[in-house]
Amino acid sequence: MSAILVVNSGSSSIKYQLIDAESEERLASGLVERIGEQVGRIEHHQGEERIELEVRVPDHTAAFAAVLDAFAQAGTAIAELEVAAVGHRVVQGGSEFVAPTLITDAVAERILALRELAPLHNPAHHQAIVAARAALPDVPHVAVFDTAFHQSMPPHAYTYAIDTQVAAQHGVRRYGFHGISHLVVSRRAAALLERPVSTLRQIVLHLGNGASACAIDGGRSIDTSMGLTPLEGLVMGTRSGDLDPGALLHLLRSGMDVDELDRLLNQRSGLLGLTGSNDFRDVRAAAASGDAAARLAIEVTVHAIRRYLGAYLVALGGADTIVFTAGVGENAADLRAAVCADLEWFGVRLDPARNEARIREARRISTDDSRVAVLVVPTDEEAEIARQTWELITA
Ligand code: AMP
């Protein structure tokens, strides 16, 4: 009995997968969306069965009831599937959660209390945790934090140079995100290279709708581009990434209010702000047809990635491997080539045919004689959450 229900909840949606933690086989997966709206939607896949329903889902409690119903309708009730535990992805664990944690009432309260640092995410996680614990009261529930992997960063990497009292009072420091992805990808990269992770200096580039870079020394995160929030760092689908903090003051003084500024930076910036689309495929197609704004957007995106690449090459004292992952990183060969261009002096040599091959598995895209191994490694956050949950409950 090693089936783990992995839950990834947002304010109006719950994504879930039932994974056999030992074999990593997907037993079922699904999505409940538009929670709280007039009409909600449920999609459930289990074996050959596929269920799609439109029903009102007033809250997360109703959403879990709907998930359990979907299992029963697909032919195998969840009780028969013998779920060993539920693993919940939690975006913000602050400084206190440095490892997967068994959820008690007190832990659930602490996750909610961290909402100040993640107002969009942690309240939704808390609601889903309460509902899931009520729906499945007899199994352990485990929180797996996106921030935990980065708790190994040294103080000089996580400290912002502002008044220390203000920083302490408001919890202002670099936490970093995408930690579950950076961890699983760095381990899979080491496995592909047949080297112990403890011997490797790795730079992982998680380039999806959200994007972050991470410097990993011997399996430990020593720096990452996202900060207090998932807004800092690389250019993303709708998020700005790095910006002079003075620009925020300038916009506030010019009459923009805080909520408008929040929407601007989180929802209307990045590729979307520069081109009108947050989807890299659209931007690439527009650039190919000569659209100057789309070309510039790709150049700005590549420049930001290369800036972090340079910083992390120095921070790590060189690199054994550079790893691309997530939607853009796994699929956009042209972007990978642009990121790795003119780095032969540093020992990076891409093999164009390997880079352009359409293969879904983890693979090397550098030449055999490239001093730095450049890899594409698909991320799998759900499998990692299942693994960590299983490890905790069987320890
Ligand atoms: P993710 O957040 O990891 O799901 O990644 C989403 C991003 O991946 C979007 O910007 C997509 O445009 C991009 N993406 C997905 N498939 C491709 C592809 N075949 N080529 C280029 N970009 C892609």
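First listed ligand is number 1; within each ligand, the first listed atom is number 1.
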Could you find the nearest protein heavy atom to atom 2 (O) of ligand 1 and give me its residue, atom name and distance? Asn209 N, 2.8 Å
Please identify which atoms of ligand 1 are closer than 4.0 Å to at least one heavy atom of Ala326. 3 (O)
Does His88 have its ring centroid less than 6.0 Å away from the ring centroid of His125? no
Starting from atom 21 (C) of ligand 1, locate the nearest protein heavy atom and write down its residue, its atom name and how far away it is, to 0.1 Å. Arg284 NH2, 3.4 Å
Which residue and non-hydrogen atom of the protein lie closest to atom 19 (N) of ligand 1, and at what distance in Å? Asn331 CB, 3.3 Å
Do the ring centers of Phe149 and His178 come within less than 6.0 Å of each other? no
Would you call the rings of Phe145 and Phe97 parallel, tilted or perpendicular, where under 30° means parallel and over 60° means perpendicular? parallel
Within 45° of the axis and under 6.0 Å from the centre of the six-membered ring of Tyr158, does NZ or CZ of Arg173 qualify? yes
What are the two closest non-hydrogen atoms of Leu375 and Arg364, and how far apart are they? CD2-CA, 3.7 Å
Ligand 1 to Val328, heavy atom cutoff 4.0 Å, flagged ligand atoms 7 (C), 8 (O), 10 (O), 13 (C)
Please report which non-hydrogen protein atom sits nearest to atom 11 (C) of ligand 1, along with the residue it belongs to and the distance in Å to one decimal place. Asp279 OD1, 3.5 Å
I'd like to check atom 4 (O) of ligand 1 in this structure: does the protein have a heavy atom lying under 4.0 Å from it? no
Over all atoms of both residues, closest heavy-atom pair of Arg284 and Asp334: CD-OD2, 2.5 Å
For Asn278, the ligand 1 atoms with a heavy-atom partner under 4.0 Å come out as 10 (O)
With a 6.0 Å cut-off (strictly less than), is the heavy-atom count around CG of Asp244, excluding the residue itself, greater than 12? yes
Can you confirm whether or not the ring centre of Tyr175 sits under 6.0 Å from the ring centre of His150? no
What atoms of ligand 1 come closer than 4.0 angstrom to any heavy atom of Gly208? 1 (P), 2 (O), 3 (O), 5 (O)
Min N/O separation Phe280 to ligand 1 under 3.5 Å: yes
Given Ala285, Gly270, Gly327, which one has a non-hydrogen atom that is nearest to atom 14 (N) of ligand 1? Gly327
